[in-house]
Number of protein chains: 2
Amino acid sequence: MTPLDDVDRKLLALLEADGRRTFADLAGEVALSQPAVKRRVDRLVAVGVIIGFTAVVDRARLDRPLEAFCELRFQGTTSPEDMEALRRDLPEVEAVYVLAGDFDALCHLRVRDMAHLREVVARLRATTGVVGTKTLMVMSSVRGPR
Amino acid sequence: MTPLDDVDRKLLALLEADGRRTFADLAGEVALSQPAVKRRVDRLVAVGVIIGFTAVVDRARLDRPLEAFCELRFQGTTSPEDMEALRRDLPEVEAVYVLAGDFDALCHLRVRDMAHLREVVARLRATTGVVGTKTLMVMSSVRGPR
DNA sequence: GATGAAAAGCCCTTAAC
DNA sequence: GTTAAGGGCTTTTCATC
């Protein structure tokens, strides 16, 4: 596949900052015609560099104000795929990171309140292969589009 | 402010799944007129439930295959705002989580390679207030829309 | 306070080059 | 990569419940 050029990179940056910018608008920024921009963006999606477009929702404001990380230790027979399965099985798990080092995985959690967190951690600890956890509370966080 | 109803929640779910869906399209899904949908979405943005719209870019495929976390310890005089400033100052920092507990903050990092990671961690360690770090390498991760 | 209808203008998309 | 054109979408205004 053709490598990305500077125009593609500019388009990525612009669409990362505002995923709803119009092709007409983007065309002006990169000094290209509208159809040319559309073809480039379509291609970026097709090759998977752009996974998709999404609304960034503030879950804290919506329904899950509490955020935490849970470091997990698994027994030696557990595969990375089994660890990643936590994301599929528990809706409170936003992400699972399989680690090299001390702990085997890191779970990013979002919950309604402490009782909910207690319940989720209990479910994690009851998961096959999990032999230990260490939970870290998040007091505040920053991310999303710059 | 008016609390969110089921239509708002439906719109959020739809826009999370596809941030570029048209208002006309959304209107069909929630059985409302186009202007009504636009007003609701504008309101969700205005009140901050929708932080913004973005293209989800696969940085691993693009230019930063390596992912890591860096746990940070700060001296007692450092404010949470100062910790969060790392996200603004270092482009390799995807997110900063201010923690309650052992470490003071957790940085999510994305880098090109090990040399790049070494450089970023060095910059973190050279940051005012940082007195200790512990870096965790990510071997694989799962997240994004289910 | 929120909605629907209508209209003008802009945007998207396709086709042709 | 460009231009051109049709159709669709967005956005504003205004009347309504």
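Throughout, protein chains are lettered first and strands after them, A, B, ... in sequence-line order, and every chain is numbered starting at 1.
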query = Rounding to a whole Å, what distance do you find between A:Phe23:CZ and D:dC9:C1'?
reply = 13 Å

task = For residues A:Lys10 and A:Asp6, determine if any side-chain heavy atom of one lies less than 4.5 Å from a side-chain heavy atom of the other.
result = no

Distance-minimising heavy-atom pair for B:Cys107 and B:Val96 = SG-CG2, 4.0 Å

message = Below 4.0 angstrom, which residues in residues 26-40 of chain A have at least one non-hydrogen atom near DNA chain C?
response = A:Gln34, A:Pro35, A:Lys38

ask   = For A:Phe53 and C:dC12, what is the distance between atoms CZ and C1' respectively, to the nearest whole Å?
value = 14 Å

task = Report the distance from atom CG of B:Leu11 to atom P of C:dT3, rounded to the nearest whole Å.
result = 10 Å

task = Mind calculating the distance between CG (A:Asp42) and C1' (C:dC12) to the nearest angstrom?
result = 11 Å

request  = Mind calculating the distance between CG (B:Asp25) and C1' (C:dC11) to the nearest angstrom?
outcome  = 16 Å

request  = Any chance you could lay out the salt bridge (Lys or Arg N to Asp or Glu O under 4.0 Å) test for B:Asp5 and B:Arg9, step after step, and finish with the verdict?
outcome  = CA-CA 6 Å; B:Asp5 62 16; B:Arg9 265 178 269 274; over 6 Å; no

message = One pair to check against salt bridge (Lys or Arg N to Asp or Glu O under 4.0 Å): A:Arg143 and A:Glu94. What are the steps and the verdict?
response = CA-CA 14 Å; A:Arg143 70 212 126 129; A:Glu94 293 256 309; 5.1 Å; no

request  = Please tell me if the side chains of B:Glu92 and B:Arg112 come closer than 4.5 Å, counting only heavy atoms from C-beta onward.
outcome  = no

task = Would you indicate, yes or no, if C:dC10 has its OP1 or OP2 atom less than 4.0 angstrom from a side-chain nitrogen or oxygen of A:Thr22?
result = no

task = Would you mind reading off the distance between B:Asp5 atom CG and C:dG1 atom P, rounded to a whole angstrom?
result = 16 Å

query = When the distance from CZ of B:Arg20 to P of D:dC9 is rounded to whole Å, what number comes out?
reply = 14 Å

inquiry  = Between A:Asp89 and A:Arg123 (salt bridge meaning N to carboxylate O under 4.0 Å), is one present in this structure?
reply    = no

